[in-house]
Amino acid sequence: MRNHSSVTTFILLGLTNDPQLEIVVFIFLFLTYLFSVLGNLAIMVLILVDSHLKTAMYFFLQNFSFLELSLTTACVPAYLYTILSGDKTISLEACFIQIAFIDIVGATDFFLLAVMSYDRYVAICKPLHYVTIMNRRVCRILIICCWASGFLVISPPLGLGLLLEFCGSVINHYYCDASPLLKNSCSDTWFIEQMVVACAVLIFITTLVGVAVSYISIIRMILRLPSVQQRKKAFSTCSSHLIVVSLSYGSCIFMYIKPSAKDDVDVNKVVSLLTISIAPSLNPFIYTLRNKQVRQSFHDTLKRFAFLSKSH
């Protein structure tokens, strides 16, 4: 009997082979990762300690920050280590674990964006019933559904991927991604490729429909409001979420919906930086800069810490 796979280790090519450009990439990724960790952890801790931020909206934001932090942590630190050490190898097992984690977290992220859209719809269109509809039990069930949906959609192609045999060992990416990994397989990958596309389209379409339906109802409700001031106030409660949705779906459309030729791999690697590195570092600032309650909570918490340090 021969081994299940003749290749057990892969070489990640990374973003560039130029040593000077690698230094620039390292500094850029290190800074964005630092901002991601600080920003997302700050939001998670603020929502945990501040009693004023115990509504459904902030519960979902806390979970969203956790997903963003998880997504960037799954890729960036490993690539930073690769640049520092020069060791570009990754084992087959580690590669599959990375793919599974990134894809499940990424899929859950999209389902959560749809849930957050529904939350904004209830807050703007049914404000008097908001606390009743979006109670703690409902919020927890929705979060569990997001994770379960992400896991169920990603599991079939991932399970089939574990059965593949690999002959090539070079992955043209800075982390393990399904598309460049499949190019190394000597098994027939046609069916699994179609399944990957079908799963990506299923996640994209179902969540986008959820987002679109919620925001069509929100816009119709906002246009019915009598004063400009009321309209501005209503729109400001969902403007941050709209920016994040645009970033997430925009990068997804560019990478996966367009037909992907072999020379597009390098472009896709750069575009993937938007979802893996840039967006997780920007999202905490998008939410805090446009949200008075979070800004106020941040100032109050800083004052509390300053007071405690003085008293000691």
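Quantities reported herein were computed from a predicted structural model and do not represent experimental measurements. We're numbering straight along the sequence, starting at 1.
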Is it the case that more than 12 heavy atoms not belonging to [X] sit under 6.0 Å from its [atom1] atom?
X: Lys54; atom1: NZ; value: yes
X: Phe26; atom1: CZ; value: yes
X: Phe28; atom1: CZ; value: yes
X: Phe96; atom1: CZ; value: yes

Is a donor on one side and an acceptor on the other found under 3.5 Å between the side chain of [X] and the backbone of [Y]?
X: Thr189; Y: Ile192; answer: no
X: Ser248; Y: Val245; answer: no
X: Arg120; Y: His241; answer: no
X: Ser91; Y: Thr9; answer: no
X: Ser281; Y: Ser36; answer: no
X: His173; Y: Ser179; answer: no
X: Asn40; Y: Pro280; answer: yes
X: Lys88; Y: Gly14; answer: no
X: Thr82; Y: Ala78; answer: yes
X: Asn135; Y: Val131; answer: no

Inset, instruction - Name all residues meeting the side chain to side chain contact (heavy atoms under 4.5 Å, CB included) criterion together with Ala279; count only those two or more places apart in sequence or in a different chain, and write none if there are none. - result: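 For Ala279 the side chain to side chain contact (heavy atoms under 4.5 Å, CB included) partners, ignoring immediate neighbours, are Glu68, Asn283.
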Inset, instruction - Look at the side-chain heavy atoms of Ile, Leu, Val, Met, Phe, Trp and Tyr, link any pair under 4.5 Å apart, and say whether Ile205 and Phe111 land in one connected group. - result: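 Yes, because Ile205 and Phe111 connect within a single hydrophobic cluster, where side-chain heavy atoms sit under 4.5 Å apart.
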Say whether [X] and [Y], considering side chains only, have a donor N or O and an acceptor N or O under 3.5 Å apart.
X: Lys183; Y: Asn172; answer: no
X: Ser277; Y: Thr32; answer: yes
X: Gln62; Y: Ser65; answer: no

Please round to the nearest 0.5 Å and tell me the distance separating atom [atom1] of [X] and atom [atom2] of [Y].
X: Ile83; Y: Leu29; atom1: CD1; atom2: CG; value: 6.0 Å
X: Gln98; Y: Ile102; atom1: CD; atom2: CD1; value: 4.0 Å
X: Leu92; Y: Ile97; atom1: CG; atom2: CD1; value: 10.0 Å

Inset, instruction - Grab the two heavy atoms, one from Cys146 and one from Val115, that are nearest each other, plus how far apart they are. - result: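 Between these two residues, the closest heavy atoms are SG-CG2, 3.6 Å.
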Inset, instruction - Give the minimum heavy-atom separation between Val7 and Ser169, together with the two atoms involved. - result: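 For Val7 and Ser169, the tightest heavy-atom pair comes out as CG1-CB, 3.9 Å.
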[Y] and [X], any side-chain heavy atoms less than 4.5 Å apart:
X: Phe10; Y: Leu181; answer: yes
X: Ile171; Y: Asp177; answer: no
X: Cys186; Y: Phe166; answer: no
X: Phe64; Y: Val244; answer: yes

Legend entry - Near-ring test Tyr215/Tyr121, centroid separation under 6.0 angstrom: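 No.
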Inset, instruction - Identify, with sequence neighbours excluded, every residue that meets ring pair (Phe, Tyr, Trp, His ring centres under 6.0 Å) alongside Tyr79. - result: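 Partners of Tyr79 by the ring pair (Phe, Tyr, Trp, His ring centres under 6.0 Å) criterion, ordered by chain and then number, come out as Tyr174.
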Legend entry - side chain to side chain donor-acceptor pair (under 3.5 Å) between Tyr33 and Thr73, intermediate numbers included: CA-CA 8 Å; Tyr33 183 66; Thr73 300; 3.0 Å; yes
Legend entry - Residue pairs fulfilling ring-ring contact (aromatic ring centres under 6.0 Å, His included) with at least one residue in residues 129-153, sequence neighbours excluded: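 Found none.
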Inset, instruction - Under the side-chain contact (heavy atoms from CB on, under 4.5 Å) rule, what do Phe59 and Met134 come out as? Steps first, then yes or no, please. - result: CA-CA 11 Å; Phe59 174 73; Met134 303 303 289; over 6 Å; no
